[in-house]
Amino acid sequence: VSATGVSLDLARQLRAICGDEHVVETAAGQKASFTVSPTSSDDVASVVRLANQRGFTIAPVGIPRELVASYAQADVLLRTDCLTDVEHYDPADLTVGIGAGMTMARLNAMVGEHRLMLACDPPFPEYTTVGELLAAAQQGPLRHGYGAVRDFCIGIRFVTGDGRKAKGGGRVVKNVAGYDLMKLLIGSYGTLAVITSASFKLFPTPRQTRTFLAEFSTWQEALKFRDLVVHSPLSPMCLEIVSPTARRLMRPEMQDDAWVICLRGAGSDAVLARYRKELGSAVTREVDGANEAELWRALENFPGAGPDLWLSAAIDVPIGEGGKVLQILQGIEDGDGVNLIGRAAVGHLILALPNSPTASSYVEKIIESLVNANVRDCSVSVHGPGKLCRMTPTDSAGMRAVKRALDPNNVLRGREL
Amino acid sequence: MGSQRNPALADHLRAIAGRDYVLDRPEDLMLYEYDGGVRTSTPDAVVFPQNTEQVSRIVKFAAKEHIPVVPRGAGTGLSGGAIPVEGGILVAFSRMNRILEVDADNLRAVVQPGVVNQTLSDSVAHLGLYFAPDPSSQKACTIGGNVAENSGGPHTLMYGVTVNHVTGLEVVLPDGEIVHYGGKAAESAGYDLTGFFVGSEGTLGVVTAATVKLLRRPERIATLLGIFETVDDAAKTVSAITAAGITPAALEMLDGWTLQTIEAFCHAGYPLDAGAVLLIELDGLAELVEEQAEVTRQVCFDQRARDVRRAKDDNERALLWKGRKNAFGALGRVSSSFYTQDGVVPRTQIPAVLQFIDGISKKHGLRIGNIFHAGDGNLHPLILFDARVPGQLQNVEQAGREILQYCIDVGGSITGEHGVGVEKRDLMPLLFSNDDLDVMLSLRNAFNPDSVLNPAKIFPTSRTCVETRGPALNPVLVQEGM
């Protein structure tokens, strides 16, 4: 049978499962031959089972973008953006269960009508789906005050790499029945299962917020200010450090060399007055209203110009190691200054990398320097094609055992880990 | 299983842990046949390792001989998680009770599994820090047990359960290998095996150290006692508080009968004539807490509270919590036995589920007290009974099963913080499909294929018998004395 014959036969089988309009042959030059968009978890399971029978590989994606498509080294792209059902939503319960294909923007618009929010602000919420949020453990500035998505995903439904439809958790906010499969799938980059829906805790949207900007001539001074906040009674929603280069990238009109701490507080006038008092004279500017929303949107979307121009690398470290990492990054940057923002009091730094052939060697250099400097419990992951390096001691044999248990035929190729 | 002494087993364990750190006399083993639940089963030996290396050697030996290994903290668990259902070696962690490191800069502590929950918070209090998960048994329960069961407590409403506070683990796998997952960073690339192992009830590996988060103590705490004429009014207030945009640190509910029982025991200052009370705690920035306290007061009155009191000082606050946290002890004075449930419902279902429980109480002729984490819908109906009366335990278990079935029917779960253990393993098919359980079992088998570690837990009996090789004491070992 010719390659074309095999391809036609596969197309026929995929169309029989998903329907003609939900199977698209991919343009020449791409690794994947087909893109399928199942409309139910049953169809997802059928596609995955077919992959196990026929021996083709699958990359689960939300809404495919150029970057995602380029690193999905699989025969079939499986889009989950048709899975958008609302499984449950009662505003008084402060929980919601939705299909993995719903975008974050649409979800937050829906719950926002009741002054609620999913307290997670990943980049580009207009086309970041719930499934992508979970699979890539995405986060944004709200990570500082509300925690990571692992902290408020309370249930998950999925199809394993061998085609079993299963779930973990449920729809209540406290639940220890069975293994915590949410933790296992969050951040697994689609290598263990295709996430088809999930349930979350919701939070009340603050009635009033204010952003306090403090500028410093060095990163050391900025981190001292961070420490002051951490040791204060304040509980800000967000606390970001922004390097001068990153600031210029986001706001080209800002040409000074200041490191900035952006702190977002929520509460009444009295609460915000207390923020003002605690933060003192370091605060050079306050922002609210549309300007505040614009500022945080820019920080959420950092590096912002899209994958054509920029890649990003996330560096996770214990809070106290942040200074050491900044020192290292300063030492190896190429003259333009370190281009980063980060959750300074969480230990999550995001480094913008020009999308060029030198990006890979730059990351290699960073990793090598971090290893040489013995930065403890650190991991680096490039959001895009490339390296994922972990210097935490997590046992890789355990990861492989989990992979074998859920995807014994190595069908799911969301991303190499 | 535990009925016959096996000197050879004890000798082998003594060679690892030391002469004085193994128990095998029946009168000693009896002390380890129970936890805080209602089931009992006697181990063949109890060993008290001093360090991770000894745990590794014990587990390696047990795996080689197919002897079950059951880890045990303080034995305060309520689901039979530390009960050696199939006998074998009980690994008690009372000697591994050191706080290995307090890293205030990174807001982390590294602790051995035998560290008592309250001891950790006490040890870092001078730094203005504490460990947030606060099970009612926190004066006795251990961090290892908290990690195994993913324990909660009243303040998990705002701060989350144990898994939200663990960033790293040292684990001994069934073959004796010592592995490390995660570390001090809040997040790490790769599969979150730390999060996956927390709450796995000792069925994947034996935790020998945990890296946990330390939180800053809040600037102000307001503890309110909302007093209601009826359970229904109190129950409806729970949703009304969260609808007002307030997430209390804790939101507990006690019904009238339970209040009277507790008050007689520890004089916490609870009203004796109330239908129910809500114990509400708000914490954080002083200005924020004061505003929230006022809004909460108003919400309570809007929902027909008779009165709302506020603890005047730390002593009064401690007294109110003493009543709540000693409730189980208080009930022990009026009933020889009680069975604690741990179902969860969406919080809007609280009024309905309390009515249902009242119906179950009447139907089965059983006294049921209600004391629970109302804010997150985690119920703890306490079913009183006399275990000496034939058939009563079965009656109680049936009543409990009906309550949990109701919880599931309204979208809830069979356990919010106590774990499945042996107590609820056969209820798992009510909540999970065959495929759900298959997936969990395949993961269990990926780490613990012979079910040497804590066998007969979590998974329904039928499933573990049919689909995995159940471990049993090696007959050769018993007969020939090794």
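Order of the sequence lines fixes the chain letters, A, B, ..., with proteins taken first and strands second; residue numbering starts at 1 for each chain.
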Considering only heavy atoms, which portion of B/N150 lies under 4.5 Å from any heavy atom of chain A: side chain, backbone, both, or neither?
both
Answer key: most heavy-atom pairs under 4.5 Å with chain B among A/V317, A/L192, A/L116 is A/L192
Give a yes or no on whether a salt bridge exists between A/R164 and B/D438, defined as a side-chain N under 4.0 angstrom from a carboxylate O.
no
Contact class of B/E177 relative to chain A, heavy atoms under 4.5 angstrom:
side chain
Tell me which of these, A/V173, A/V402, A/V346, has more heavy-atom pairs under 4.5 Å with chain B than the rest.
A/V402
Under a 4.5 Å heavy-atom criterion, the part of residues 268-275 of chain A in contact with chain B comprises A/S268, A/A270, A/V271, A/R274, A/Y275
With a 6.0 Å cut-off on ring centres, are A/Y179 and B/F432 close enough?
no
Which of the residues A/P318, A/P206, A/A166, A/A177 is involved in the greatest number of heavy-atom pairs with chain B at under 4.5 angstrom?
A/P318
Could you tell me which non-hydrogen atom of B/S413 sits nearest to which non-hydrogen atom of A/V172, and how far apart they are?
CB-CG2, 4.0 Å
Sort A/Q139 into side chain, backbone, both or neither according to what part of it lies under 4.5 angstrom from a heavy atom of chain B.
side chain
Gap separating the CD1 atom of B/I414 from the CG atom of A/N175, nearest 0.5 angstrom:
8.5 Å
Heavy-atom distance under 4.5 Å to chain A: side chain of B/V161, backbone, both or neither?
side chain
Okay, B/A240 and chain A: the region with an atom under 4.5 Å from a heavy atom over there is neither
Could you tell me whether the side chain of A/S379 and the main chain of B/S188 form a donor-acceptor pair under 3.5 Å?
no
Using 0.5 Å steps for rounding, measure from the NZ atom of A/K174 to the OG1 atom of B/T415.
9.5 Å
Using side chain to side chain contact (heavy atoms under 4.5 Å, CB included), reason through A/L181 and B/F196 one step at a time and then give a plain yes or no.
CA-CA 7 Å; A/L181 301 180; B/F196 177 55; 4.1 Å; yes
With a 4.5 angstrom heavy-atom cut-off, is it the side chain or the backbone of A/L406 that approaches chain B, or both, or neither?
side chain
Among the listed options B/L204, B/D342, B/L157, B/T242, the residue most often paired with chain A at heavy-atom distances under 4.5 Å
B/L204
B/I458 versus chain A, heavy atoms under 4.5 Å apart: side chain, backbone, both or neither?
side chain
For B/S151, is it the side chain, the backbone, both or neither that has a heavy atom under 4.5 Å from a heavy atom of chain A?
neither
Against chain A, label B/H373 side chain, backbone, both or neither, depending on which of its atoms sit under 4.5 Å from a heavy atom there.
side chain
Of all heavy-atom pairs between B/L443 and A/A405, which one has the smallest distance, and what is that distance?
CD2-CB, 4.0 Å
Got a donor-acceptor contact below 3.5 angstrom from the A/D151 side chain to the B/N164 backbone?
no
What distance do B/L288 atom CG and A/L234 atom CG have between them, rounded to the nearest 0.5 Å?
11.0 Å
Minimum heavy-atom separation for A/K165 and B/D435, please, with both atom names.
O-CB, 3.2 Å
May I ask you to decide whether A/E321 forms a salt bridge with B/K184, counting only side-chain N to carboxylate O separations under 4.0 Å?
no
Quick check on B/E291 against chain A: is it the side chain, the backbone, both or neither that has a heavy atom closer than 4.5 Å?
side chain
Taking all non-hydrogen atoms of both residues, which atom of B/L285 and which atom of A/P233 are closest, and how far apart?
CD1-O, 3.7 Å
Exercise: identify the closest heavy-atom pair between B/V166 and A/R150:
O-NH2, 4.4 Å
Between the CG atom in A/D227 and the CG atom in B/D105, the distance rounded to the nearest 0.5 Å is 8.0 Å
For A/K183 and B/F197: C-alpha separation, side-chain torsions, deciding distance, then whether side chain to side chain contact (heavy atoms under 4.5 Å, CB included) applies.
CA-CA 9 Å; A/K183 301 292 179 296; B/F197 266 60; over 6 Å; no
Give me the atom names and distance for the closest heavy-atom approach of B/E187 to A/A148.
OE2-CB, 3.2 Å
In terms of heavy-atom pairs under 4.5 Å, which option from A/L184, A/D162, A/I319, A/D180 contacts chain B the most?
A/L184
In sequence, state the C-alpha distance, the side-chain angles, and the governing distance for B/T348 and A/D90, and then conclude on side chain to side chain contact (heavy atoms under 4.5 Å, CB included).
CA-CA 9 Å; B/T348 49; A/D90 184 337; 3.8 Å; yes
Output all residues satisfying ring-ring contact (aromatic ring centres under 6.0 Å, His included) with B/H155, sequence neighbours left out; order by chain, then residue number.
B/W321
Set of residues satisfying ring-ring contact (aromatic ring centres under 6.0 Å, His included) with respect to A/F152, sequence neighbours excluded:
A/F203
Inspect the contact between A/K167 and B/D436 and indicate whether a charged nitrogen and a carboxylate oxygen are less than 4.0 angstrom apart.
yes
With respect to chain A, which residue among B/G168, B/G205, B/S200, B/G343 yields the maximal number of heavy-atom pairs within a distance under 4.5 Å?
B/S200
Side-chain contact, heavy-atom cut-off 4.5 Å: A/K201 with B/D376?
no
Is A/H114 in contact with chain B via its backbone, its side chain, both, or neither, using a 4.5 Å heavy-atom distance?
neither
A/R143 portion near chain B, given a 4.5 angstrom heavy-atom threshold:
side chain
Contacting region of B/V238 [heavy-atom separation from chain A under 4.5 Å]:
neither
Does the B/R347 side chain pair with the main chain of A/D93, one donor and one acceptor, at a distance under 3.5 Å?
yes
Just checking heavy atoms, which of residues 211-220 of chain B are less than 4.5 Å from chain A?
B/R216, B/E219
Under 4.5 Å to a heavy atom of chain A? For B/F447 that would be side chain
Using non-hydrogen atoms and a 4.5 Å limit, figure out which bit of B/M428 sits close to chain A: side chain, backbone, both or neither.
side chain
